[in-house]
Amino acid sequence: MRRPTDSGDRPSRLSIFLRRQKRLIRPALLVLVLAGLVAGGVTALRHVGSDPRFAALRGRIINMLPLRVTEIDVTGCVLTSESALQEALGVRTGDFILGFSVKAARERIDALPFVDHSVVERHLPGTILIHLFERQPFAVWQNHGHFMLIDRAGNQVRDKGMTGKDAEAFRQLPLVVGPDANLAAAAMIDELTAQPEVSSHVVAAARVGQRRWNLTLRNGTTILLPEGQEAAALKRLAQMQETIKILDRPVIAIDMRLPDRLIIRENPVTPNDNNGPDQGDSPPQAAPTGDPAPTQPWLSPDNGLRRRRA
């Protein structure tokens, strides 16, 4: 016999659906609980991190963390002092590496005197890599009695002074003298470099009227170059040096400003002789600024820098 069906014992559709979805409901609830805990933890950490009252607690937590700076590797460091670089970096071996700000350190390092720009990287678990691109001194600029290092673009390369153990490092830099000489130095020095027979005799190049150059030789002779025709004049000088050794002669000045002639001014026979160079152009022993022309270019910072590996 078939038993009659009791409609009161039949489960509802909702209960049947819940039973079928039971496996999914429990993980979803667990995810929601974990998300709430994480959100609360982040909020609490932000509050602790910004509240000065929890500074001691933050320090103890950081000291408990295992990731430490074990190595600081620096390349490209020639002119920048180790102490200045260390201070700008803002981190030392043994410090917590995750608390190190790469961006802030790079900004501080880029502000150092000799640094053009830098690359700072953090490599877990404990290495910091720094590569410096330094502004290389190109020449020494003398202006109104002041000496300063300049780069190829004429910008000042700040230094630590003109004395120190590394003073010899900059003695071979070319010397340019006078207002605007820093901006025009690169083209003049390139032309001199192309004529080594001439450049080996030159100790200074003085800018005259912000338009042309006078060269001072080691023997005190002044060469007056024509405006805008420096390359041709230097080439001509190199040819004459090869044939008649004109740069070795003890003369006051060699005037090359006229395109069709060369004027050589010899030493005066008597002190009253007025056949010297034109007043105010560029006397052999003085720059246009009135500063005595040095016997050789010089200027040096007092810091010697090497590759540092902490």
I'd like a table of donor-acceptor pairs (distance under 3.5 Å, sequence neighbours excluded) in which one partner is a side-chain atom from residues 190-204, with atom names and distances.
from	atom 1	to	atom 2	distance (Å)
D190	OD1	R152	NH1	3.4
D190	OD1	R152	NH2	3.3
D190	OD2	R152	NH2	2.4
T193	OG1	I189	O	2.7
S199	OG	Q195	O	3.4
S199	OG	P196	O	3.4
S200	OG	P196	O	3.2
S200	OG	E197	O	3.4
H201	ND1	E197	O	3.0
H201	NE2	D248	OD1	3.0

Inset, instruction - Could you go through the side chain to side chain contact (heavy atoms under 4.5 Å, CB included) check for L175 and F147 one step at a time? - result: CA-CA 9 Å; L175 174 66; F147 292 83; 4.1 Å; yes
Inset, instruction - Locate the shortest heavy-atom distance separating L89 from A105; write the atom from each residue and the value. - result: O-CB, 3.7 Å
Legend entry - Hydrophobic cluster of I263, others only, ordered by chain and residue number, side-chain cut-off 4.5 Å: L258
Inset, instruction - Could you tell me whether a side-chain N or O of Q86 sits under 3.5 Å from a main-chain N or O of V91, the two making a donor and an acceptor? - result: yes
Inset, instruction - Please report the closest heavy-atom contact between C77 and L85, naming both atoms and the distance. - result: SG-CD2, 4.4 Å
Legend entry - Shortest non-hydrogen contact between T93 and I72, atoms and distance: N-CD1, 4.3 Å
Inset, instruction - Please report the C-alpha distance between N155 and I150 in whole Å, then the side-chain angles of each, then the deciding distance to 0.1 Å, and finally whether the side chain to side chain contact (heavy atoms under 4.5 Å, CB included) criterion is met. - result: CA-CA 5 Å; N155 300 315; I150 58 173; over 6 Å; no
Inset, instruction - Measure the CG-CD distance between L173 and Q136 for me, rounded to the nearest 0.5 Å. - result: 10.0 Å
Legend entry - Atom pair CG (L215) and CE (M256), whose distance is rounded to the nearest 0.5 Å: 9.5 Å
Inset, instruction - Please test H131 against V120 for side chain to side chain contact (heavy atoms under 4.5 Å, CB included), starting from the C-alpha separation and ending with a verdict. - result: CA-CA 7 Å; H131 185 69; V120 181; over 6 Å; no
Inset, instruction - Sequence neighbours left out, what passes side-chain contact (heavy atoms from CB on, under 4.5 Å) with E121? Give chain and number order. - result: V119, H123, L129
Legend entry - Distance (rounded to the nearest 0.5 Å) between L132 CG and T75 OG1: 7.0 Å
Legend entry - Electrostatic pair D95-R68, nearest N-O below 4.0 angstrom: no
Inset, instruction - Taking all non-hydrogen atoms of both residues into account, name the closest pair between R257 and D255 and its distance. - result: NH2-OD2, 2.7 Å
Inset, instruction - Check for a donor-acceptor pair, side chain of N143 on one end and backbone N or O of H146 on the other, with a separation under 3.5 Å. - result: no
Inset, instruction - Give the cluster check for I128 versus F96: same hydrophobic cluster or not, with ILVMFWY residues linked at side-chain heavy-atom distances below 4.5 Å. - result: yes
Inset, instruction - Could you tell me whether the side chain of R122 and the main chain of I97 form a donor-acceptor pair under 3.5 Å? - result: yes
Inset, instruction - Using the test side-chain contact (heavy atoms from CB on, under 4.5 Å), find all partners of A181 that sit at least two apart in sequence or belong to another chain. - result: W141, V176, R207, W213
Inset, instruction - Nearest 0.5 Å please: distance from the CD1 atom of I254 over to the OG1 atom of T222. - result: 9.5 Å
Inset, instruction - Please determine if D116 and R135 form a salt bridge, counting it only when a charged side-chain N lies under 4.0 Å from a carboxylate O. - result: no
Legend entry - CG-CG distance between N182 and L149, expressed to the nearest 0.5 angstrom: 12.5 Å
Legend entry - Evaluation steps, side chain to side chain contact (heavy atoms under 4.5 Å, CB included), between T216 and I223: CA-CA 7 Å; T216 301; I223 299 177; over 6 Å; no
Inset, instruction - Can you sort out the partners of H117 under side chain to side chain donor-acceptor pair (under 3.5 Å), two or more places apart, ordered by chain and number? - result: none
Inset, instruction - With sequence neighbours excluded, tell me which residues meet side-chain contact (heavy atoms from CB on, under 4.5 Å) with Q239. - result: K235
Legend entry - side chain to side chain donor-acceptor pair (under 3.5 Å) against R108, all qualifying residues, sequence neighbours excluded: none
Inset, instruction - Identify the two heavy atoms, one from L225 and one from A233, that lie closest to each other, and give their separation to 0.1 Å. - result: CD2-CB, 3.9 Å
Inset, instruction - Answer yes or no: is there a donor N or O on one side and an acceptor on the other, between the side chain of E134 and the main chain of F114, under 3.5 Å? - result: no
Legend entry - Closest contact, heavy atoms only, R236 versus P259: NH1-O, 4.3 Å
Legend entry - Reported OG1-to-CD distance for the pair T243 and Q241, which is rounded to 0.5 angstrom: 8.5 Å
Legend entry - E266 side chain to V251 backbone, donor-acceptor under 3.5 Å: no
Legend entry - Flag side-chain contact, heavy atom, 4.5 Å: P250 against N267: yes
Inset, instruction - Output yes when a side-chain donor or acceptor of T70 lies under 3.5 Å from a complementary backbone atom of G126, and no otherwise. - result: yes
Legend entry - side-chain contact (heavy atoms from CB on, under 4.5 Å) against E107, all qualifying residues, sequence neighbours excluded: K103
Legend entry - Side-chain H-bond candidate by donor/acceptor type, S118 with D110, under 3.5 Å: yes
Legend entry - F133 vs V115 side-chain heavy atoms within contact, under 4.5 Å: no
Legend entry - N214 side chain to R212 side chain, donor-acceptor N/O pair below 3.5 angstrom: yes
